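This report refers to the structure that appears directly beneath it.
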Amino acid sequence: MAGDTVFIASDHAGFGLKQALCVDLAARGFRMEDLGPQAAESCDYPVFAHALCARVAADNGRGILICGTGIGMCMAANRHRGIRAALCTNEYAARACRAHNNANVLCLGARVTAPPLAADLAELFLRTAFEGGRHARRVALIED
Ligand code: RB5
């Protein structure tokens with residue numbers, strides 16, 4: 001079904017966490033599609049951010065982007081129309097970015113957030129529904 005797959009991508013700094021999350025989130029019941037990279041050699045995070053956002057937009061789906069801080073990935077992702085990327089470092093933000101902002105891309109910093117917390121943040125992001133209502137009006141105002 002469209003939207004069921006969780007896309008994930010990283011740069012070299014996020015590679016190890018991406019590999020760990022692919023395994024952990026699959027074990028938690030999510031269907032993961034790894035959009036790379038396939039090795040930890042140095043690479044440019046916007047390339048992977050743009051590729052993932054194209055898939056999320058086409059699939060009306062959800063994605064996870066990981067770099068060292070999560071910042072560069074978030075900047076690149078939010079250049080895409082229809083993409084609402086949120087950099088999260090705690091559980092409140094991971095829940096609120098879905099409930100209030102209808103975020104469709106979660107950004108994580110592998111040099112900031114340890115793997116067990118990252119997996120919990122990702123699961124919260126993936127299981128929390130958008131609340132709609134007043135939040136839908138505000139989210140609609142984001143797009144120009
Ligand atoms: C790579 O060293 C680092 O700059 C990158 O992973 C990311 O943190 C950029 O925002």
Side-chain angles (χ1 to χ4, degrees), residues 2-131 135-144:
D4 271 3
T5 299
V6 179
F7 301 103
I8 188 166
S10 73
D11 69 355
H12 54 285
F15 179 77
L17 181 55
K18 172 173 70 68
Q19 300 305 101
L21 285 185
C22 281
V23 173
D24 201 335
L25 293 174
R28 296 182 192 208
F30 298 101
R31 188 166 71 221
M32 306 300 295
E33 185 170 337
D34 184 352
L35 300 181
Q38 298 309 324
E41 276 111 54
S42 183
C43 61
D44 299 327
Y45 60 82
V47 172
F48 291 91
H50 294 322
L52 179 137
C53 289
R55 294 293 301 277
V56 168
D59 199 55
N60 193 23
R62 299 167 300 174
I64 300 171
L65 287 169
I66 310 163
C67 62
T69 59
I71 294 170
M73 285 294 200
C74 200
M75 287 178 169
N78 278 315
R79 299 299 299 269
H80 288 253
R81 177 171 289 276
I83 295 295
R84 292 171 301 280
L87 171 57
C88 296
T89 58
N90 60 68
E91 294 185 351
Y92 181 82
R95 191 179 286 111
C97 79
R98 287 287 312 128
H100 291 196
N101 311 112
N102 201 15
N104 49 11
V105 174
L106 171 68
C107 298
L108 295 168
R111 295 171 179 162
V112 178
T113 303
L117 176 58
D120 288 346
L121 298 184
E123 182 167 8
L124 263 178
F125 169 80
L126 293 168
R127 293 204 191 281
T128 301
F130 180 46
E131 286 178 6
H135 299 299
R137 181 182 71 246
R138 294 164 185 165
V139 169
L141 288 167
I142 293 174
E143 296 281 351
D144 55 19

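Here the structure is a predicted model, which is why all the values come from computation and not from measurement. First listed ligand is number 1; within each ligand, the first listed atom is number 1.
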I'd like the contact residues of ligand 1, where contact means a heavy atom below 4.0 Å. D11, H12, A13, Y45, C67, G68, T69, G72, R111
Which residues pass the salt bridge (charged side-chain N to carboxylate O under 4.0 Å, His left out) test with E143, not counting sequence neighbours? R81
Please, which pairs that meet ring-ring contact (aromatic ring centres under 6.0 Å, His included) have at least one residue in residues 35-92, sequence neighbours excluded? H50-H80
Taking all non-hydrogen atoms of both residues, which atom of I66 and which atom of M73 are closest, and how far apart? O-CE, 3.5 Å
Partner set under side chain to side chain donor-acceptor pair (under 3.5 Å) for R127, not counting sequence neighbours: E123
What are the two closest heavy atoms between V56 and N104, and how far apart are they? CG1-O, 4.1 Å
Scanning both residues in full, the closest heavy-atom pair of I64 with A122 reads CD1-CB, 4.0 Å
